[in-house]
Amino acid sequence: MDSSRQLFQYILSGLSNGAIYALIGFGFAIIYNSTGIINFAQGEFVMLGGMLTVFFLTVLHLPLIPAIVLAILISTIVGISFERLAIRPLKNAKPLSLIIITIGASIFIRGAAMLIWGKDTHAMPAFSGNDPLYLAGATILPQHLWIFAVTILIIIASRIFFNYSIIGKAMRACSYNSQAASLVGINVKNMVLLSFAISSAIGSMAGIIIAPLTMTSYDVGIMLGLKGFCAVIIGGMSSGLGTVLGGLLLGLLESLGAGFISASYKDAIAFIILLLILFVRPEGLFGKKESERF
Amino acid sequence: MLKLNGITKIFGGLTALEDVSFSVADGSITGVIGPNGAGKTTLFNIITGLYAQTAGEVYLGEKNISLFPPEALAGLGLVRTFQNVELFGQMTVLENVMVGLHTRSKSGIFSSAFKLPGQIKEEKYIKEKSLQWLEFTGLTDLADIQAGNLPFGKGRLLEISRALAVEPRAILMDEPAAGLNSRETAELALLIRRIRESGITVILVEHDMELVMDICDSIIVLNLGKKLAEGTPREIQENPAVISAYLGEG
Amino acid sequence: MTGKKRQILIFLFFAAAVLLVPLFFKGNYLLNVFVFVGINTILAIGLNLLLGYAGQISLGHAAFFGLGAYISGIITTRFPLDPWLVIVLAAVCAGALAFVIGFPILKLKGHYLAMATLGFGIIMYIIFNETVGLTGGPSGLSGIPNLHIGSLIFDNDLNNYYLVWLFTLVVMLLSINLSQSRIGRALRAINDSEMAARVMGVNARILKVQIFTVSAVISAIAGSLYAHIMTFISPASFGFNFSIELLTMVVIGGLGSIYGSFLGAAILTMLPEFLRVFQDFDIIIYGLMLILMTMFMPGGLISGIQKIAEFTAAKIKGMTSNNAQT
Ligand SMILES: Nc1ncnc2c1ncn2[C@@H]1O[C@H](COP(=O)(O)OP(=O)(O)OP(=O)(O)O)[C@@H](O)[C@H]1O
Ligand SMILES: [Mg+2]
């Protein structure tokens with residue numbers, strides 16, 4: 001009984017972390033599909049979401065909702081400025097340059113956060129208190145429910161957006177073939193900008209909903225970003241649903257591994273999975289194999 | 001010397017090549033023609049090991065080279081040029097050709113780092129030989145220019161020089177005359193003849209019919225991934241199927 | 001003067017300058033800083049061979065640096081083995097590891113390669129931290145002996161300076177030789193067009209693994225030297241941040257330039273010393289430098305210096321020929 005309750009607890013925290021990884025991975029995939037860039041700064045938007053919300057809550061004493069809205073807004077503006085200032089001017093850049101630039105942006109944002117908010121870890125109050133709910137003998141925090149709800153909402157919203165709205169369809173067209181898309185009159189540049197905006201917004205949202213559980217500091221973006229990347233690699237860049245499954249799977253494996261094998265190697269699990277998948281099946285477990293093109 | 005046997009290539013759902021077979025005589029100039037999208041470049045990619053075919057075999061002499069990687073084929077004397085000129089843009093013209101001598105030299109990391117005597121001798125040989133190839137194609141004056149800064153026509157010449165430096169048995173050229181003016185094309189025709197005279201088999205994809213009919217000994221026509229015809233330039237010009245394929249598709 | 005002669009002259013001049021520097025900085029704490037400039041130069045050159053020449057990124061190079069340091073540190077604190085021998089052993093181990101993981105890792109390209117090397121670096125960092133019995137974990141490993149040759153002990157700045165810079169100069173010379181050889185050209189060819197390089201007969205797969213291995217060996221040697229000079233090591237020196245710092249050195253100095261790597265290493269090592277305030281600003285400045293350099297000076301600072309040198313040379317030439325005319 002006790003051990004099954006513990007198992008449930010591991011699964012629960014695994015799934016809630018996994019949902020976060022999936023959201024972050026989503027951000028990676030949106031930019032990758034519209035530009036072919038893997039944005040190393042993705043994790044920093046997650047950090048910005050959490051840190052900005054804490055800042056608005058504790059320093060400016062705003063209520064929760066405005067604090068969250070403002071945090072997402074500012075993160076999105078940072079994402080947009082990054083695209084305008086550093087990505088757009090580089091036309092036809094080699095992947096190496098783009099990698100270096102997004103790494104540069106990532107440590108720049110992290111450094112700025114450190115200067116502004118210092119190196120301390122900050123706590124964020126949970127959205128609806130910390131009184132656990134009891135479910136079949138196991139405890140669930142209200143924040144877990146928030147995480148699941150927000151994740152599901154974002155995923156449904158983005159499915160609707162990409163499948164049914166004109167702009168969403170245009171963005172997908174760009175990801176299949178940007179030249180053809182521009183021939184039929186789609187403004188590819190704006191679509192790229194939009195992809196940065198959406199993915200920084202989703203990233204910061206992820207950072208906000210996880211912060212009450214894990215606390216936040218200027219450097220949480222590295223690990224969260226990398227785990228999100230793991231999620232999207234497990235799922236495959238081309239598959240939205242795959243990313244969600246990838247995130248959940250990663251979260252579960254991590255949490256079970258930490259619980260039953262060794263807590264100190266928890267982070268290593270994600271990266272070992274990452275390497276294995278990149279070595280064996282770089283298109284992801286759920287992705288389609290891209291045809292060879294030189 | 002080069003023999004293709006039932007080559008088929010399917011990309012996802014698209015059949016780019018279907019059951020293409022032909023052979024190329026030693027020391028000949030063979031043209032591969034066909035409308036855009038006929039599968040000519042795909043065929044070259046398969047012969048030179050850049051793509052794996054879905055079915056079929058390629059033989060070089062007696063050797064089945066079907067799934068050899070490109071670097072192994074270079075060692076066996078099979079090289080190519082590219083439709084969209086693939087130079088080493090950050091290296092000089094001379095250095096580009098020197099890379100062509102990679103298979104003709106063997107110093108490794110250790111002897112290069114320590115400049116062992118054999119390596120110094122080999123470097124000298126590589127440089128002399130490369131200069132000779134530049135002379136052969138008439139690029140000597142441009143030796144120290146960065147390849148990325150070459151005008152297009154010279155870039156095509158450099159690609160040929162680099163391929164020749166491999167001292168190949170056969171060279172495959174993908175649209176060598178594309179983007180050249182008429183004087184450059186005439187010079188190219190001369191160069192291709194000289195290459196053949198030095199004993200190298202030439203296989204070229206080309207849209208410039210005048211050039212093809214002028215220099216080729218035999219021609220293979222592809223259309224929609226299938227071999228439509230094969231024969232001497234004269235036979236091809238008179239082949240009704242070829243005429244209708246070209247007229248029909250523009 | 002031919003290009004070759006000029007290069008030899010430049011190297012001799014550089015070496016002479018390096019050897020003379022201690023005369024002007026006797027007893028100065030800067031000598032200690034220069035020791036680390038040397039170590040970082042070795043590391044930057046190692047990464048540059050891979051990144052600048054072959055065009056293959058590694059965001060986990062600090063792991064090989066750490067591996068060298070830990071193998072030297074762990075063995076020499078436990079067994080009475082000759083530390084010099086252990087340096088060789090550490091280099092061989094790092095090389096073997098790089099060779100083995102090189103095959104699957106270097107199959108990946110671009111962003112995927114970056115992420116995989118990053119993952120590798122983090123796994124190694126976790127291992128340094130968690131194998132407490134061996135490495136001492138986060139609190140570090142102390143009591144590593146200094147190197148010595150007979151009675152000459154490398155335990156002060158002056159001796160360490162010569163020790164490190166001797167290695168640095170050798171690594172520089174060998175790397176310059178390598179870069180101008182058949183192998184160097186093949187690497188640059190892979191960087192420009194891997195497909196064309198392969199068609200020319202360059203076995204890109206093997207060559208990339210080989211240069212990755214060389215690069216790991218060089219980094220491990222720097223790690224061993226670092227361990228013996230510091231006598232104390234802890235995982236914090238070998239983490240993701242240091243990998244990024246190395247990347248920054250190579251990029252701002254100049255991709256594909258050996259002297260550029262020295263320049264980058266020197267700047268990034270000395271800046272914090274001169275600008276105390278820099279310490280909190282460091283990563284923000286690294287970030288900015290990475291972005292600005294890539295956007296506006298992709299050849300790095302060394303290309304800027306070369307341009308200025310050429311410009312001045314042309315100017316002087318122009319003036320003298322003008323004078324000759326008048
Ligand atoms: N890597 C690839 N993936 C998917 N389809 C491809 C690929 N390469 C070529 N194709 C398709 O195969 C067909 C043949 O293309 P190929 O480039 O061989 O034609 P081509 O005869 O060289 O044409 P052109 O004269 O325009 O150069 C085309 O429909 C092309 O779109
Ligand atoms: Mg073609």
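We name chains A, B, ... by the order of the sequence lines, and we start the count at 1 in each one.
Within 6.0 Å of CZ on B:Phe22 lie more than 12 heavy atoms contributed by other residues, nucleotides or ligands.
Contact detail for B:Val79 and C:Val199: the closest heavy-atom pair is CG1-O, 3.9 Å.
Ranked by heavy-atom pairs shorter than 4.5 Å toward chain C, the options B:Gly148, B:Gly108, B:Ala165, B:Gly75 are led by B:Gly108. Comparing B:Ala72, B:Ala74, B:Pro70 by heavy-atom pairs within less than 4.5 Å of chain C, the highest count is held by B:Pro70.
Distance CG/C:Leu178 to CZ/B:Phe110: 12.0 Å, rounded to 0.5 Å.
In this structure, the portions of B:Ile109 lying under 4.5 Å from any heavy atom of chain C include both its backbone and its side chain. Contacts of B:Val166 with chain C are made by side-chain atoms alone, with heavy-atom separations under 4.5 Å and no backbone atom involved. Contacts of B:Leu76 with chain C are absent, with no heavy-atom separation under 4.5 Å from either backbone or side chain.
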Could you work out all donor-acceptor pairs shorter than 3.5 Å where one atom is in chain B and the other in chain C?
residue, atom, partner, partner atom, Å
B:Glu71, N, C:Arg198, O, 3.4
B:Glu71, OE1, C:Arg198, NE, 2.8
B:Glu71, OE1, C:Arg198, NH2, 3.2
B:Glu86, OE1, C:Ser193, OG, 2.7
B:Gly89, N, C:Asp192, OD2, 3.2
B:Gln90, N, C:Asp192, OD2, 2.8
B:Glu95, OE1, C:Arg188, NH2, 3.0
B:Glu95, OE2, C:Arg188, NH1, 3.4
B:Glu95, OE2, C:Arg188, NH2, 3.2
B:His102, O, C:Arg182, NE, 3.3
B:His102, O, C:Arg182, NH2, 2.9
B:His102, NE2, C:Arg182, NH2, 3.4
B:Ser105, O, C:Arg182, NE, 3.3
B:Ser105, O, C:Arg182, NH2, 2.9
B:Ser105, OG, C:Arg182, NE, 2.8
B:Ser107, O, C:Arg182, NH1, 2.7
B:Ser112, OG, C:Ser181, OG, 3.4
B:Ala113, O, C:Asn177, ND2, 2.9
B:Glu123, OE1, C:Arg185, NH1, 3.1
B:Glu123, OE2, C:Arg182, N, 3.3
B:Glu123, OE2, C:Arg185, NH2, 3.0

